[in-house]
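Notes follow the structure.
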Amino acid sequence: MKTIIMIAKKSLARHKLSTSVTAGSLALACGLVIGVFSIQEQSYQAFTTGAPGFDAVLGARGSQLQLVMNSVLHLDTSPGNIPYKAYTEMRDDPRVKLAVPYAVGDNYRGYRVVGTTPELLTEFELSDGVGYQIMPGGRVFDDLKMEAVVGSQVARKTGLRVGSHLHFEHGVEEEMGHDHEDEYIVVGILEPTNTPADKVIWCPLEGMYRLDGHVLRGGGEVYIAKPDEEIPDEVKEVSAVMLAFKSPQAGFQFSQQINGGKDMTLAWPIARAMAQLFDKIGWAHKVLSLVAYLVCVVGAASILASLYNAMNERRREFAILRALGARRSTVFGAILTESTAIAALGGLMGLLVYGLVFTIAAQVIRAEAGIVLDIWQLHSSMWLAPLGVTLLGALAGIVPAMKAYRTDVATHIVAHS
Amino acid sequence: MALLELKDLLKHYPSPEGGRSTVLDVPEFTLQAGEQVALEGASGSGKTTLLHIVAGILTPDSGSVSLAGNQLNTLSESAVDRVRAEHIGYVFQTFNLLQGYTALENVLLGMAFSAGQDVGRAHQLLERVGIADKANHLPSQLSVGQQQRVAIARAIANRPSLLLADEPTGNLDADMAQQALTLLREACEEVDAAILLVSHDPAVLGAFEDRRSLTELNRAAKVGGAA
C-alpha cells in the first residue's frame, strides 16, 4: 500500500495543473450539492416555522398561501381587505390569546409599511416570553401619532435612525405610486429578529387610516378620515389579522367555521400553508439538484479523461514498475488511488465552495425574505456529498486503471533485440 | 540444483508477412548460483527476448524456465511477478529509471515489491555505488554515469538471486563502462547474485571469464531468424 500511495502521490505532483482543475470542478459540484440541500432544508425549516408566536392568519377570501406570503413573509400582494369588525370579534373571543391587525399598502424605498397596533410590539411573543425588542433610545409608537418603528434590516439599509423623518410611498413596492405628504418620525429601531419582520416598517393602524390619499370602504362607500374626528369602526378595514390561539382546538374550530363560509379565509396552521409554498416551488429544488448532480458527473468524467489521456505517456512507467516486480493489481491500485485522491480533495474543497455558495445565498435570502440561515447548521449532505464525490471519482478511475492494468511490459519497456 | 535452467525454449513473433518467425530456440541453458556469465549476441540475436523470458516478462511459446526452484511456465502471472520481485534484478541499456522519482525513490522501488521499502538500506546502496550525495536528485539532474549507478543500486536493492543486464554499458564511454562493470560485478558478489549479461561489445564481454555465444546457444539466431 505504501508503494501504491507513493506512485499515486508522484503522479499527482507531476500533474499539478490537471489535478487542480479536476479537483476544482469536483469541489464546485460537491459545494453545489451541499448548498442546494442544506439551503433547501434550512429555508424549509425557517419558512414553515415562520411567524413564531402566531398560529393563524385571517384575511380576505382567497388563497391561504397568498395570505400567508403577504402577512408573514411580507411578500406578494394582499388578497384584499376584511372589515375591522372581524378583528375586534377575534380580539374579544375568549379562545384567542392575541389578535393583531395588519394594514398594508405603502412602502418606504421598497420596504413594506405595515399599520398595526402597539400590541404587536408589547404583547406578541416571538418565542416563549420573548417579544420584539426595541434598541436602546427607542420606544413603541404612539397609537395616535405619525410615528414608526423600523425593522433592523430597513434601518441598516436605509440609514433610518430614531428621529429620522420619512414619507411613505403608496403601493407595497417601490415606485408603484406617489409619496404621501404626511411625514412620519422614527421612534424606535427593532433589534434583529432574523425573521421577515426585520424588513418592515411598523406604524399605527390609525395613522394608516388617516394618511393623506387613503380611503376606507368598509362601510360600502368611500370614507375619507377627517382630522379630529373619530373614525367609525364600521368603515375601517384591515388587510389581515394575525392570531395566536389559546389552544389548537380553537384553531380547528375557527378553521371549520371561517373556511366553511364565503367571506374570509383562515390560514391555519401557518406552517401548512408555507409547506404548500415549498411544494409549489419543489421543481426549482429538483432542477438545482439535477444541475448539481450533472456537475458531479462532469467532474468525474474530467477525472476519467485526464487520467486516461495520461495513460499513454505513463505506459513506460508502468512497464518499468512491472519489470521491478509490481503486479498488475499494484498499477491498477495506484491509478484508482490517484483518482480517489483527486476526488477526495475535490470533496474536501467542496466544503469551502459550499461556504461560499451558502454565504451568497444566505445574504440574498435574508435580503429578500428576512430569513437568516445558519452556515454552521450541520446537514447530512456535508458528509454524504464529499463521500459520494469520492466514490464517483474512484469509479471514474476504473477505466484508466484498466488501461494501466493491461500495459504490456515487453512492448513498452524497450525495443526487441 | 542450478539457479537458472532453460529447456527447449521456443519463442515466435508474428512476421510482417503475416506468418511468424522464430526469435528464440534454446535447447538448454543453465546458470549456477553466484555465477557471472556474459552472453555474446549481435543485434537481432534474441538477447533481450531471452532476458525477458528469464525475468518472466515474456512467456515462451514452449519449453520451461526454472528459476530458483520455480517453474515459471507453470505459475500464475501474479506468482511470476512475485518470483521476479524477489529473485530478479534488471539493468537495462537505457537504465529505465523512473523520471519523476528521485534516485533514492528509484532504489526504494527496487525493493518495494519484495521485502518492502527500507530507506536506510536504499541510502547505503547509493553510498555503495558512490552517489550518496545525489539521493534527492531526479534522473534528469544526473549524468549518464550517475544514472547507471542508480540503475545498479536499484537492481540489487531486492537482494536478487540473479541480475539480468541488457547492454548495461551501451550508453557509456569506455572508461565509464569499465567502472560500471566493475561496480556491477562487485555489487553482485556482495549480495551473492549471479549475473547474466548480454552484450555485443567485446570490451564488456572481455571483462567476464565465463563468456558464451548466444548465436551458439540460440538455434534461431544461427539460421538468422531472430528478430
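All values below come from the heavy atoms of this structure, side chains included, with hydrogens, waters and symmetry mates left out. The sequence lines fix the lettering, A, B, ..., with proteins before strands; numbering per chain opens at 1.
With rounding to the nearest 0.5 angstrom, the CG atom of L58(B) is 7.0 Å from the CG atom of D408(A). Atom CG in L108(B) sits 7.5 Å away from atom NZ in K2(A) (nearest 0.5 Å). Here the CD atom belonging to E77(B) is positioned 10.0 Å from the CZ atom belonging to R327(A), to the nearest 0.5 angstrom. Atom-to-atom distance recorded for T3(A):OG1 and E105(B):CD is 11.0 Å, nearest 0.5 angstrom. Taken to the nearest 0.5 Å, the OH atom of Y101(B) stands 5.5 Å off from the CG atom of L321(A). Distance OG1/T94(B) to CD1/I320(A): 7.5 Å, rounded to 0.5 Å.
Looking at L97(B), the atoms closer than 4.5 Å to chain A (heavy atoms on both sides) all sit in the backbone: N, CA, C or O. A55(B) does not touch chain A: none of its heavy atoms, backbone or side chain, sits under 4.5 Å away.
When the shell of 6.0 Å around OH of Y405(A) is examined, it contains 12 or fewer heavy atoms from other residues, nucleotides or ligands. With a 6.0 Å radius and a threshold of 12 heavy atoms from other residues, nucleotides or ligands, H200(B) has its NE2 atom at or below the threshold.
Contact between F113(B) and T330(A) at its shortest, heavy atoms only, is CE2-CG2, 3.8 Å. Nearest heavy-atom pair, D81(B) versus R328(A), reported as atom, atom and distance to 0.1 Å: OD2-N, 4.0 Å. G325(A) approaches A85(B) most closely through the heavy-atom pair CA-CB, 3.7 Å.
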(Q) Please determine whether side-chain contact (heavy atoms from CB on, under 4.5 Å) holds for the pair Q99(B) and R14(A), giving the CA-CA distance in whole Å, both sets of side-chain angles, and the decisive distance to 0.1 Å. (A) CA-CA 10 Å; Q99(B) 291 305 309; R14(A) 277 206 310 274; over 6 Å; no
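Judged by distance alone, the side chain of R154(B) and the main-chain N or O of L324(A) form no donor-acceptor pair under 3.5 Å.
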